[in-house]
Asker: 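I'd like to ask some things about the structure below.
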Amino acid sequence: MNLGLCGSHRTGKSTLAKVIAQRTGKPYVKTLTSSVFQEHGIDPALPMDFQTRLRVQQQVLIAAEEVWKSEDQPFITDRTPIDMMAYTLADIQGSTEVDLSELERYIERCFEVTNKFFNALIILQPGIPLVHAEGKASLNLAYMEHLNALVLGLCHDQRLQCAILCIKREITNLEDRVRMILGSSYAPTK
């Protein structure tokens with residue numbers, strides 16, 4: 001069973017994924033999101049036009065799929081195509097020019113890849129203390145809440161075929177989060 005953690009940036013996905021992997025003996029698979037942004041000379045903390053966002057998110061999806069394909073056993077990861085869709089959709093505002101057919105193709109592909117690689121998704125919501133980290137997205141709480149709302153909505157889309165566990169936002173203690181996941185029916189077995 002592949003387990004993906006999804007949610008806004010700075011919610012503790014990487015930390016939690018590493019602990020779950022360590023405790024279950026499953027590999028933690030790191031996505032190359034930051035590397036893809038760096039490779040394209042883009043700072044994820046800075047605003048970007050929508051075409052740039054869509055282009056880089058398409059590359060993030062391709063890079064993640066390659067990493068996930070290379071795994072020959074069940075794994076745990078800290079990013080999913082749900083996150084990629086949320087970041088893409090978050091950049092659309094009233095005056096944003098969007099090639100709707102290109103966006104629809106990207107969203108369909110994200111759902112396809114999610115259903116192909118993941119049996120269960122764990123949603124982490126904002127709540128932990130925020131710490132600035134170089135090369136990470138902005139610590140704008142309103143933006144993080146926007147992303148959270150998008151992730152919650154995308155995880156209830158009828159195109160998604162995997163199980164969902166949403167960690168309540170008030171559960172911020174790492175050990176409480178670990179117990180909640182390991183005690184669920186979605187927990188990877190040792």
Asker: For L147 and A86, which heavy atoms make the closest approach, and how far apart are they?
Answerer: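 Scanning both residues completely, I find the closest heavy atoms to be CD2-O, 3.6 Å.
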Asker: After noting the C-alpha distance and the side-chain angles of M85 and F111, does the key distance pass the side-chain contact (heavy atoms from CB on, under 4.5 Å) rule?
Answerer: CA-CA 9 Å; M85 283 188 283; F111 278 118; 3.8 Å; yes
Asker: May I ask you to decide if G12's main-chain N or O and T15's side chain share a donor-acceptor pair within less than 3.5 Å?
Answerer: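 Flag not set: sc T15 to bb G12 has no pair under 3.5 Å.
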Asker: Do D83 and T31 have side chains that approach each other closer than 4.5 Å (heavy atoms only, starting at C-beta)?
Answerer: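 Result no, sub-4.5 Å side-chain heavy-atom pair not found.
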Asker: For T172, which residues count as a side chain to side chain contact (heavy atoms under 4.5 Å, CB included) partner, sequence neighbours excluded?
Answerer: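 Applying side chain to side chain contact (heavy atoms under 4.5 Å, CB included) to T172 gives I128.
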Asker: For P81 and L61, which heavy atoms make the closest approach, and how far apart are they?
Answerer: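 P81 and L61 have their closest heavy atoms at CG-CD1, 3.9 Å.
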Asker: Take Y143 and H9 through the test side chain to side chain donor-acceptor pair (under 3.5 Å) and record every step on the way to the result.
Answerer: CA-CA 10 Å; Y143 183 58; H9 56 284; over 6 Å; no
Asker: Hey, does K30 have a side-chain heavy atom less than 4.5 Å from the side chain of T77?
Answerer: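 No, too far: nothing below the 4.5 Å cut-off.
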Asker: Does the side chain of L89 come within less than 4.5 Å of I107's, by heavy atoms?
Answerer: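 Counting from C-beta outward, I107 and L89 do come under 4.5 Å.
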Asker: Run the numbers on Y106 and R55 for side-chain contact (heavy atoms from CB on, under 4.5 Å), then give the verdict.
Answerer: CA-CA 10 Å; Y106 173 70; R55 180 177 45 84; over 6 Å; no
Asker: Going by the rule salt bridge (Lys or Arg N to Asp or Glu O under 4.0 Å), which residues pair with E145 if we only count those two or more places apart in sequence or in a different chain?
Answerer: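 Per chain and number, E145 pairs via salt bridge (Lys or Arg N to Asp or Glu O under 4.0 Å) with R169.
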Asker: Does the pair I62 and E65 meet the rule for a side-chain contact (heavy atoms from CB on, under 4.5 Å), with working shown?
Answerer: CA-CA 5 Å; I62 290 167; E65 188 174 10; 5.6 Å; no
Asker: Contact between V113 and T80 at the side-chain level, heavy atoms closer than 4.5 Å - yes or no?
Answerer: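 Side-chain contact under 4.5 Å: no.
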Asker: Quick one: salt bridge (charged side-chain N to carboxylate O under 4.0 Å, His left out) pairs with a partner in residues 87-106, sequence neighbours left out?
Answerer: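 Listed by first then second residue: R53-D91.
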Asker: As an exercise, state the distance from CD1 of I82 to CZ of F118, rounded to the nearest 0.5 Å.
Answerer: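 Going from CD1 on I82 over to CZ on F118, the span is 9.5 Å.
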Asker: Donor-acceptor pairs are to be reported for all side-chain atoms of residues 158-166 against protein atoms at under 3.5 Å, with residues two or more places apart or in another chain.
Answerer:
residue, atom, partner, partner atom, Å
R159, NE, D157, OD1, 2.9
R159, NH1, E108, OE2, 2.6
R159, NH2, D157, OD2, 2.8

Asker: Check whether any side-chain heavy atom of R79 lies under 4.5 Å from a side-chain heavy atom of C6, and answer yes or no.
Answerer: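 A side-chain contact is absent here, since even the closest heavy-atom pair is not under 4.5 Å.
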Asker: With no hydrogens and no angle check, is any side-chain donor or acceptor of T88 less than 3.5 Å from a backbone partner on M84?
Answerer: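 Answer holds: yes.
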Asker: When you measure from the side chain of K13 to the backbone of G7, do you find a donor-acceptor pair of N or O atoms at a distance under 3.5 Å?
Answerer: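 The answer is yes, because a donor-acceptor pair under 3.5 Å joins these two groups.
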Asker: With rounding to the nearest 0.5 angstrom, report the CD to CD distance, Q59 to Q57.
Answerer: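 Answer rounded to 0.5 Å: 10.5 Å.
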Asker: Under a 4.5 Å cut-off applied to non-hydrogen side-chain atoms, are N140 and M144 in contact?
Answerer: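 Not touching, per the 4.5 Å side-chain cut-off.
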Asker: For N2 and F117, indicate whether the former's side chain and the latter's backbone hold a donor-acceptor pair under 3.5 Å.
Answerer: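 Present.
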Asker: Does H146 reach the main-chain N or O of A142 with its side chain, forming a donor-acceptor pair under 3.5 Å?
Answerer: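 No: the side chain of H146 does not pair with the backbone of A142.
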Asker: Find out whether Y28 and D78 are in side-chain contact, i.e. whether some heavy atom of one side chain is under 4.5 Å from a heavy atom of the other.
Answerer: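 With C-beta onward as the side chain, the pair touches.
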Asker: For residues 148-155, run the donor-acceptor check on the side chains, cut-off 3.5 Å, and write out each pair with its distance to 0.1 Å, sequence neighbours left out.
Answerer:
residue, atom, partner, partner atom, Å
N148, ND2, Q125, OE1, 3.1

Asker: For the residue pair I76 and L5, establish whether any side-chain heavy-atom pair is separated by less than 4.5 Å.
Answerer: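 SC-SC contact between I76 and L5 confirmed.
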Asker: Going only through I, L, V, M, F, W and Y residues with side-chain contacts under 4.5 Å, is there a path from L121 to F75?
Answerer: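 Per the 4.5 Å side-chain linkage, L121 and F75 are co-clustered.
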Asker: Judged by atom type as modelled, is there a donor-acceptor pair below 3.5 Å linking the side chain of T52 to the main-chain atoms of M48?
Answerer: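 Not confirmed, T52 side chain does not pair with M48 backbone.
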Asker: Give the minimum heavy-atom separation between T24 and I20, together with the two atoms involved.
Answerer: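 Residues T24 and I20, closest heavy atoms: OG1-O, 2.8 Å.
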Asker: Do V60 and L54 share a hydrophobic cluster, counting only Ile, Leu, Val, Met, Phe, Trp and Tyr and linking them when any side-chain heavy atoms are less than 4.5 Å apart?
Answerer: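 They do share one cluster, since a chain of ILVMFWY contacts under 4.5 Å joins V60 to L54.
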Asker: Run the salt bridge (Lys or Arg N to Asp or Glu O under 4.0 Å) test on E175 and R23 for me, step by step, so that the C-alpha distance in whole Å, both residues' side-chain angles and the decisive distance to 0.1 Å come before the verdict.
Answerer: CA-CA 12 Å; E175 282 305 313; R23 299 231 181 130; 2.5 Å; yes
Asker: Say whether F37 and L46 are linked into one hydrophobic cluster, either directly or through other cluster members, by side-chain heavy-atom distances under 4.5 angstrom.
Answerer: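 Shared cluster, no.
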Asker: Checking V67 now: which residues fulfil side chain to side chain contact (heavy atoms under 4.5 Å, CB included) with it, not counting sequence neighbours?
Answerer: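 Checked V67 against side chain to side chain contact (heavy atoms under 4.5 Å, CB included); matches are V29, L32.
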Asker: Please evaluate residues I123 and I167 with respect to the criterion side-chain contact (heavy atoms from CB on, under 4.5 Å), reporting the C-alpha separation (whole Å), side-chain torsions for both, the decisive distance (0.1 Å), and the verdict.
Answerer: CA-CA 6 Å; I123 303 170; I167 305 288; over 6 Å; no
Asker: Hey, could you give me the CZ/CD distance between F50 and Q93, rounded to the nearest 0.5 Å?
Answerer: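 So the CZ of F50 and the CD of Q93 are separated by 11.0 Å.
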